[in-house]
There are 2 protein chains.
Amino acid sequence: MEFRRQVTIAQVAREAGVSTVTVSRVINHRPDVAPDTRRRVEQVIGRLGYQPNAIARSLISQHSHTLGVVASRLDYYGPSRILVGVEQKSSELGYALLLCMQHQPESGDVEPILNHLLSQQVEGVIWAVPEIGDNRAWISERAAHLQVPIIFLNMDPHSNLPVVAGDNYLGGQMATRHLLEQGYRKIGAITGPINEWEACQRYLGWRDTLIEAGITIRDCQVFEGDWSAASGERGARLLLADCPELDAIFAMNDQMAMGLLSAVNEAGLSVPRHLAIVGYDDMPESAFLLPPLTTIRQHLRDVGRTAVSLLQSRISEGAVLDYARQAQLETNDALASASFSPDPILIAPELVIRQSSIRRSEQDKLR
Amino acid sequence: MEFRRQVTIAQVAREAGVSTVTVSRVINHRPDVAPDTRRRVEQVIGRLGYQPNAIARSLISQHSHTLGVVASRLDYYGPSRILVGVEQKSSELGYALLLCMQHQPESGDVEPILNHLLSQQVEGVIWAVPEIGDNRAWISERAAHLQVPIIFLNMDPHSNLPVVAGDNYLGGQMATRHLLEQGYRKIGAITGPINEWEACQRYLGWRDTLIEAGITIRDCQVFEGDWSAASGERGARLLLADCPELDAIFAMNDQMAMGLLSAVNEAGLSVPRHLAIVGYDDMPESAFLLPPLTTIRQHLRDVGRTAVSLLQSRISEGAVLDYARQAQLETNDALASASFSPDPILIAPELVIRQSSIRRSEQDKLR
DNA sequence: CTGAAAGCGCTTACAG
DNA sequence: CTGAAAGCGCTTACAG
């Protein structure tokens with residue numbers, strides 16, 4: 001395999017017998033070029049296969065047209081869906097995408113990642129690492145005076161920061177209300193790691209809904225899993241042993257619901273006859289479980305897309321601000337409009353009803 | 001939110017009372033700086049929060065330290081695992097990663113993607129789009145004289161190109177041999193889209209193994225799915241209807257195996273009593289199906305990691321070549337060593353035996 | 001040990 | 001309509 005060197009604008013100019021400025025004008029589709037000059041230059045460009053050097057352009061124009069996305073656990077369903085949305089929207093808007101993993105999302109050690117992205121001159125950052133424990137501690141001292149705008153995904157919208165998130169509290173409510181409506185009263189829960197924001201919100205949605213319905217919750221009714229199917233299986237065994245009166249269990253993701261299903265089956269019980277089950281995520285496989293799984297569908301691709309839209313508007317505001325500064329205008333107006341922090345965007349999930357949670361009376365009809 | 005402008009080397013130099021060259025030497029840990037000069041500069045760097053501009057560095061040093069990865073179907077299990085491996089190894093080697101999606105992988109329209117990556121001056125490309133139909137047609141005229149090395153993933157290793165792939169043919173053989181060893185003889189197949197290389201290899205592995213065993217294959221024994229669980233369900237219905245004598249089915253990914261399981265259950269049959277099942281992929285969920293699924297585990301993360309290692313060695317070879325050219329040396333040696341194309345790297349999969357394919361006699365023991 | 005000069009590939013004023 | 005000059009932020013020789 002043989003590698004050619006990159007063709008430069010200077011070579012094109014020489015071959016076409018014009019100056020580099022003129023070549024630049026042609027590349028950028030400026031109107032002020034004589035028709036036949038344009039044609040001549042375009043021919044040379046085609047012949048040499050010239051491609052403008054985006055790095056040189058970035059340096060002079062002070063715009064990298066690049067966004068950074070910081071993700072983690074990409075081999076899980078949720079994070080990869082979000083990344084797909086982020087990529088789609090970025091590419092639609094003409095941004096290149098620099099991908100960074102935070103391999104230990106629970107640590108708050110973000111300096112190397114931020115420094116890497118900033119040194120690459122990204123124009124904005126999508127922070128798609130889940131909120132775990134205090135892994136947002138850095139925000140207060142760092143994010144406030146970062147050089148570029150940053151959008152946070154699936155994080156607690158407390159601190160007046162731009163956040164786009166699935167409404168996990170609502171999802172938890174929806175799942176629980178659905179079970180109540182179907183006539184179930186003793187509803188157990190297998191949660192995700194409760195120090196993760198998403199897990200905690202789903203848990204609170206479940207808890208508050210039961211409390212509002214006047215149902216008291218016993219400790220033995222809750223098991224804290226780790227999102228894995230294996231933990232769902234373990235949780236199921238414990239709940240069935242400690243709390244045999246349960247008539248339903250809300251597993252707070254589909255993988256744990258699968259482990260739960262497996263354990264319930266092993267115990268010789270049938271779903272939903274002896275125990276109703278609701279999951280969370282609506283993975284493509286969940287419709288094909290035995291029985292098909294009722295679950296909460298998240299529109300994660302939209303979370304990713306929305307985040308990029310929001311980021312772009314922040315970037316534009318920043319540009320306005322820069323312009324105002326540079327022009328030494330009275331900047332108050334620009335500052336006011338640019339520092340306007342929109343309400344956090346919560347994206348509502350959707351209840352997908354399948355057989356695993358059917359009402360008892362309906363079950364009888366079916367047979 | 002307020003954005004600061006980037007600090008430049010010139011500002012650091014001014015503040016520290018030295019020239020920019022000296023600052024540069026400090027940043028790059030050159031030895032030839034007086035100890036207290038170094039300290040003074042480092043202090044200013046710390047105080048101003050100076051970060052070298054990677055774009056300017058790339059331009060002058062002619063090295064972007066960036067790799068491009070072209071992927072598709074990231075919301076599927078396989079592709080996202082591969083990406084994880086690619087990212088891990090890239091970051092270990094100090095490369096930034098530019099992510100590009102080919103949203104329609106079946107089209108061979110790769111010019112925009114290649115041009116984008118090349119204009120971004122990536123030092124190498126990982127082509128992680130699956131081979132579908134003739135979506136590799138562009139290789140013959142384009143890849144051979146690309147400016148940068150490119151590694152192909154999960155592609156037919158025919159054309160003396162650098163390829164890293166899972167050994168799907170071997171995987172197909174392993175699944176089928178396992179079923180034969182367990183005493184099954186009438187083994188149906190639900191394949192992926194047969195114009196995809198991976199699907200086709202698994203199919204051929206299955207077919208050849210049966211032929212070698214002296215078993216004739218009837219047309220009604222094969223169904224072509226599209227990787228989705230829904231297609232697995234459809235396929236199962238057809239196979240069960242047209243070929244009722246089947247005692248096993250090899251579903252060539254786990255999602256289709258799930259659809260198959262669901263349909264078999266609906267038909268009132270039990271697995272593996274009436275029908276044994278083997279899948280392909282070993283998704284984390286597959287151990288928790290009812291019954292747990294025997295499947296072929298691919299080491300996709302290793303595929304990604306290996307690809308990046310190979311890419312790096314190609315990049316180094318290219319550097320050697322450049323040096324040789326530049327020094328006007330007798331380039332034959334360098335050329336010879338650099339154009340050395342290694343054998344395609346096939347990564348062997350692994351059989352994971354679970355209950356869905358247990359031997360009939362074993363089943364009797366279990367009850 | 002330190003700095004003035006040149007230049008990576010491009011674009012933005014400015015002058016003709 | 002066209003081009004000479006300056007410069008984006010950095011590094012690489014070269015000279016002291």
Side-chain angles (χ1 to χ4, degrees), chain A residues 5-42 45 48-66 118-123 147 322-323 326-327, chain B residues 4-42 44-45 48-66 118-123 147 322-323 326-327:
Chain A
R5 287 218 65 73
Q6 180 91 8
V7 182
T8 70
I9 204 174
Q11 290 170 48
V12 174
R14 200 178 321 120
E15 292 269 322
V18 295
S19 73
T20 58
V21 210
T22 301
V23 176
S24 170
R25 283 194 259 258
V26 171
I27 297 167
N28 295 294
H29 306 100
R30 294 282 163 68
D32 51 350
V33 180
D36 59 327
T37 308
R38 184 186 301 278
R39 220 162 318 149
R40 197 151 28 100
V41 172
E42 277 168 350
I45 287 176
L48 299 185
Y50 168 72
Q51 284 279 120
N53 181 326
I55 287 188
R57 281 182 151 175
S58 299
L59 187 59
I60 191 73
S61 69
Q62 304 282 54
H63 283 288
S64 66
H65 296 289
T66 300
L118 292 177
S119 80
Q120 296 286 343
Q121 313 298 116
V122 298
E123 298 191 39
Q147 288 93 327
D322 271 3
Y323 172 76
Q326 196 180 323
Chain B
R4 282 190 316 212
R5 288 219 63 74
Q6 179 90 7
V7 180
T8 70
I9 204 174
Q11 291 170 46
V12 175
R14 201 177 322 122
E15 294 269 322
V18 295
S19 72
T20 59
V21 211
T22 300
V23 177
S24 171
R25 283 193 261 258
V26 171
I27 297 166
N28 295 295
H29 306 101
R30 294 280 162 70
D32 50 350
V33 180
D36 58 328
T37 308
R38 183 186 302 278
R39 220 163 318 150
R40 197 151 29 99
V41 171
E42 277 167 349
V44 175
I45 287 176
L48 300 184
Y50 169 72
Q51 282 279 120
N53 180 326
I55 287 189
R57 280 182 152 174
S58 298
L59 187 59
I60 190 73
S61 70
Q62 305 282 54
H63 284 288
S64 66
H65 296 288
T66 300
L118 292 177
S119 80
Q120 295 285 344
Q121 314 299 114
V122 298
E123 297 192 40
Q147 289 94 325
D322 271 3
Y323 173 76
Q326 194 180 326

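A, B, ... follow the sequence lines: proteins, then strands. Residue 1 opens every chain. Because the structure is predicted, anything quoted here is derived from the model rather than measured. Any value given below was found using the heavy atoms of this structure, including those in side chains, with hydrogens, waters and symmetry copies removed.
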Value in whole Å for how far the P atom of dC10(C) lies from CD of Q121(B): 8 Å
In whole angstrom, give the distance that lies between atom CD of Q11(B) and atom P of dG9(D). 8 Å
Pairing pattern in dot-bracket form [Watson-Crick, G-U; both distances under 3.5 Å; | = partner strand] for DNA chain C: |||.||||||||.|||
So, using salt bridge (charged side-chain N to carboxylate O under 4.0 Å, His left out) as the criterion, who are the partners of E123(A) when residues are at least two apart? none
Provide a list of protein-nucleic acid N or O atom pairs under 3.5 angstrom, restricted to nucleotides 13-15 of chain D.
none

Looking only at the side chain of I9(A) (C-beta and beyond, no hydrogens), which of the listed nucleotides dT2(D), dC10(C), dT11(D) gets closest? dC10(C)
Euclidean distance, atom CG of residue N53(A) to atom C1' of dG9(C) [Å, nearest integer]: 6 Å
Tell me which nucleotide among dC10(C), dT11(C), dG9(D) gets nearest to the side chain of S24(A). dT11(C)
When rounded to whole Å, the CG to C1' distance for the pair L59(A) and dC8(D) reads 4 Å
Could you give the CD1-to-C1' distance, from I60(A) to dT11(C), as a whole number of Å? 5 Å
S61(B) vs R40(B), nearer the 5' end of DNA chain C by closest nucleotide: R40(B)
Tell me whether the side-chain N/O atoms of R57(B) come closer than 4.0 Å to OP1 or OP2 in dT11(D). yes
Any non-hydrogen side-chain atom of I55(B) less than 4.5 Å from a side-chain atom of L59(B)? no
Side chain proximity check, E15(A) to L48(A), heavy atoms < 4.5 angstrom: yes
Send over the distance from R39(B) CZ to dC1(C) P, rounded to a whole Å. 13 Å
Close residues, residues 27-35 of chain B, relative to DNA chain D [heavy-atom separation under 4.0 Å]: N28(B), R30(B)
Counterpart residues, side chain to side chain donor-acceptor pair (under 3.5 Å), relative to T22(B) (two or more places apart): S19(B)
Quickly work out the Q62(B) CD to dC10(D) C1' distance and round it to whole Å. 12 Å
Residue T37(A), side-chain atoms from C-beta onward, closest of dT11(C), dC1(D), dG9(D): dC1(D)
For dG3(D), does OP1 or OP2 lie under 4.0 Å from any side-chain N or O of T22(A)? yes
Drop me the distance from R25(B)'s CZ to R30(B)'s CZ, to the nearest 0.5 angstrom. 8.0 Å
Using whole Å, report how far CZ of R38(A) lies from P of dC1(D). 9 Å
For P52(A) against S119(B), the heavy-atom pair lying closest together: O-CB, 3.3 Å
Less than 4.5 Å apart, side chain to side chain, heavy atoms only: is that true for T8(A) and Q11(A)? yes
Does I27(B) form a side-chain contact (heavy atoms from CB on, under 4.5 Å) with V12(B)? I'd like the steps, not just the answer. CA-CA 11 Å; I27(B) 297 166; V12(B) 175; over 6 Å; no
Can you name the closest pair of heavy atoms from Q120(A) and S64(A) and give their distance? O-CB, 4.5 Å
Which heavy atom in T20(B) sits nearest to a heavy atom in A10(B), and how many Å separate them? CG2-CA, 3.9 Å
L118(A) side chain reached by Q147(A) side chain, heavy atoms, under 4.5 Å: yes
I need the full list of side chain to side chain donor-acceptor pair (under 3.5 Å) pairs touching residues 50-61 of chain A, with sequence neighbours left out, sorted by first then second residue. N28(A)-R57(A)
